[in-house]
Amino acid sequence: MNQTSDKKRGGKFWAWFWMILGILYFFLPLVATFLFSLRAKLGVLSFTAYQHVFNDSNFIYNFSYSVLWGVLTIIVGVLIFVPTAYLIRLKLPKFRLPVEFITMLPFVIPAIVYVFSLVRTFSQPPLLIVNSPALLVAGYVILSMPYMYSAIDTGLRAIDVQTLTEAGQSLGAGWGTILFKIILPNIRTAILSGAFLSFAIVIGELILAQYLVKPAFAPYMTYLIQQKAYEPAAMAIISFALTWAAMGIIQFIGRGSEQGQIAGGH
Amino acid sequence: MTHLALSKISKDFGGTTVVQDFNLDVKKGEFVSFLGPSGCGKTTTLRMIAGFEMPTAGQIVMDDVDITNQPPNQRNVGMIFQAYALFPNMTVTQNIGFGLQIRRESRAVIKQRTDEMLALINLEKHADKYPYQLSGGQQQRVSLARALAVRPQVLLLDEPLSALDAKIRVSLRSEIRAIQKTLGITAIFVTHDQEEALSISDRIVVMNAGEMEQVGTPFEVYNFPQTRFVANFVGSLNTANAEVTDPAKGLLSVGGVQFITASDLAARKKGEAVRVSIRPERFSFLSEHKKDNALDCVIENITFLGSVVRIQIKIGDSNFNMDTFNNPFLELPKLGSKEKVTCSKEAVLVLDE
């Protein structure tokens with residue numbers, strides 16, 4: 001009896017130990033960076049570095065472009081991956097595994113290899129688009145594909161796609177109406193998850209923007225690291241805050257949608 | 001006049017024939033049920049009428065228009081699904097009005113028709129609720145209203161009551177039937193529940209292994225099954241091995257006991273082995289109303305089933321079930337006692353496979 005309770009107590013101790021270690025591993029660098037970012041003024045803690053960042057027109061310029069690339073990536077990603085995942089679930093279930101494998105490729109192909117392939121392929125006629133922002137957005141769409149596709153696919157798995165489609169068809173709806181009025185609203189939370197993850201990827205992505213020579217947040221931050229001490233730390237905290245805000249928005253918008261999907265769910 | 005005609009419909013899935021040579025004419029306003037076990041092809045046939053599956057062969061004609069190859073959204077067919085299939089992102093009113101919106105009806109028409117439908121299903125108070133806020137029965141009623149709002153030529157119901165509990169199932173099936181009669185709409189209902197099919201239908205199509213076994217009114221299908229499968233599937237049935245002793249007189253020997261049957265034995269030879277089928281409720285204790293077969297039996301077991309009492313009797317070497325209506329003053333025989341039971345010769349069926 002005593003041995004069992006001792007074992008339980010021991011188990012609890014190690015559970016707490018590993019959890020606290022994990023939290024420290026994650027938060028310590030963040031706290032250190034935050035504290036460092038507050039030391040721009042000698043001897044006092046202040047938000048001076050943050051003021052410098054927000055007053056810097058280059059920050060606004062580069063960050064605005066990153067936001068633009070992020071939004072375009074989300075729009076193009078949704079337009080490509082929602083119909084694809086929907087059709088695979090509905091009509092081509094055999095292709096689910098191969099497509100899932102393809103969507104995971106950005107995890108195994110280093111971004112540097114990918115960007116050199118893009119530059120080589122699209123820097124000569126007839127595909128001379130290496131200077132077009134479209135190539136950068138297309139690249140981001142590919143890089144965010146694992147997150148976007150799997151989020152959408154998970155959303156589709158939570159609803160009865162076939163029955164909802166057939167219900168729409170029996171009421172006279174065509175494919176477009178079914179997709180945009182029935183399927184899309186019911187995987188809203190999943191799309192938002194994928195969208196914010198894609199946004200976070202685009203905001204923090206360095207290699208693609210740097211080698212395709214386009215204004216973006218990450219290359220600017222790298223540049224700043226070489227020039228200044230406290231401002232890059234402030235920017236790192238800002239980018240964290242933005243990502244967490246995005247996650248918070250997902251949680252907020254996703255409230256109650258679990259219940260909303262029950263009727264069409266499996 | 002035929003409203004919906006299915007001619008020589010067949011459907012193969014990867015070399016497996018699921019529906020074979022299916023022929024059916026449905027009159028306007030008729031309620032037809034497809035009844036059969038899982039995998040018999042009833043849902044596939046319904047889905048072919050809806051346009052969700054294309055027949056491998058055959059033709060589907062609705063009001064003299066060949067709709068065999070028409071996509072589902074161009075057929076004016078309403079469909080009710082087992083899983084309700086209400087759009088989770090829309091309220092009850094929006095769900096009901098969806099088909100009308102697709103048809104680009106005016107706002108006034110949509111409002112008027114959705115109000116009509118809400119009144120029809122008695123859910124006016126729930127108009128602004130979302131599907132997840134409704135019970136299963138209420139969701140299925142909304143599904144019915146949504147399908148009817150567009151005034152379809154045919155209403156298709158794919159096991160709409162299967163997901164509901166027993167009491168709601170019974171009340172909702174009466175409601176569906178009443179609404180169908182009021183609107184005079186043609187309905188095809190798929191079910192594997194024989195009681196459901198018997199209680200709701202004008203005609204029943206009994207299906208087995210992709211083929212039609214029998215088409216008839218519930219009375220015909222239950223009382224005059226044409227095949228052993230139908231007799232077995234629809235209602236309870238006793239079956240026993242028998243031997244033809246006099247084909248001309250319809251005499252059979254069941255375990256040494258003589259039975260007389262009204263089934264035609266003219267084509268059978270004396271001594272031929274057959275199987276007889278008798279429904280449990282066709283037996284009764286012998287009183288002054290002696291029927292064609294008066295049989296000695298031993299009471300083997302008695303089971304109380306609520307409205308019915310099932311008595312297991314042994315006639316010769318064969319065991320049979322006998323059903324009798326329960327009443328509080330019923331004097332049941334004792335276990336092991338010897339009794340006499342009777343049944344008419346029409347009750348003794350000799351059926352082909």
Side-chain angles (χ1 to χ4, degrees), chain A residues 78 82-83 86-87 89-95 152 154-193 195 250 252-266, chain B residues 43 46-47 49-53 70-92 94-105 129-136 138-140 142-143 145-152 154-158 163:
Chain A
V78 167
V82 171
Y86 171 65
L87 280 176
R89 284 230 150 248
L90 193 69
K91 300 267 182 195
L92 307 162
K94 277 184 197 166
F95 288 89
I152 290 168
T154 306
L156 289 172
R157 208 176 301 160
I159 60 170
D160 189 344
V161 171
Q162 188 179 346
T163 311
L164 288 178
T165 302
E166 288 176 354
Q169 284 180 312
S170 73
L171 292 165
W175 290 112
T177 312
I178 291 169
L179 198 58
F180 288 101
K181 286 199 167 172
I182 300 171
I183 302 298
L184 217 72
N186 287 306
I187 56 167
R188 185 189 51 166
T189 314
I191 291 175
L192 276 172
S193 307
I250 297 173
F252 180 75
I253 296 176
R255 277 182 320 163
S257 65
E258 291 295 312
Q259 274 191 316
Q261 291 188 350
I262 286 173
H266 290 297
Chain B
T43 296
L46 191 85
R47 289 173 62 80
I49 300 171
F52 301 138
E53 305 288 351
Q70 249 181 23
N73 60 337
Q74 284 171 26
R75 301 179 186 202
N76 192 18
V77 164
M79 180 96 179
I80 298 179
F81 300 85
Q82 185 182 343
Y84 322 135
L86 294 179
F87 306 133
N89 56 312
M90 298 182 199
T91 62
V92 167
Q94 288 167 337
N95 263 286
I96 296 173
F98 181 81
L100 299 165
Q101 271 189 337
I102 298 292
R103 283 163 173 74
R104 297 182 193 282
E105 297 285 359
K129 286 188 178 170
Y130 283 89
Y132 73 88
Q133 294 171 306
L134 303 176
S135 69
Q138 287 172 330
Q139 287 192 54
Q140 201 55 294
V142 175
S143 172
R146 183 180 67 176
L148 292 171
V150 295
R151 295 187 176 155
V154 176
L155 180 66
L156 305 174
L157 304 103
D158 186 8

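In what follows, chains are A, B, ... by sequence order, proteins preceding strands, each numbered from 1. For the numbers below, each heavy atom of this structure counts, side chains included, while hydrogens, waters and symmetry mates do not.
In this structure B/Phe81 satisfies the ring pair (Phe, Tyr, Trp, His ring centres under 6.0 Å) test with no other residue, sequence neighbours excluded. Residues that satisfy the salt bridge (Lys or Arg N to Asp or Glu O under 4.0 Å) test with B/Arg103, not counting sequence neighbours, are absent from this structure.
Ranked by heavy-atom pairs under 4.5 Å with chain A, the first of B/Ser143, B/Ala147, B/Gly99, B/Gly78 is B/Gly99. When each of B/Asn76, B/Leu134, B/Ile102, B/Leu156 is checked for heavy-atom pairs under 4.5 Å with chain A, B/Ile102 comes out on top. Listed options B/Phe98, B/Phe52, B/Tyr130 were ranked by heavy-atom pairs under 4.5 angstrom with chain A; first place goes to B/Phe52.
When all heavy atoms of B/Tyr84 and B/Arg146 are compared, the pair lying nearest together is O-NH2, 3.7 Å. B/Ile49 and B/Val77 get closest at one heavy-atom pair: O-CG2, 4.3 Å.
For chain B, the nearby parts of A/Thr163 are the backbone and the side chain; heavy atoms of each come within less than 4.5 Å. Looking at B/Arg47, the atoms closer than 4.5 Å to chain A (heavy atoms on both sides) all sit in the side chain, from C-beta outward.
By the 4.5 Å heavy-atom criterion applied to side chains, A/Leu156 and A/Ile183 are counted as neighbours.
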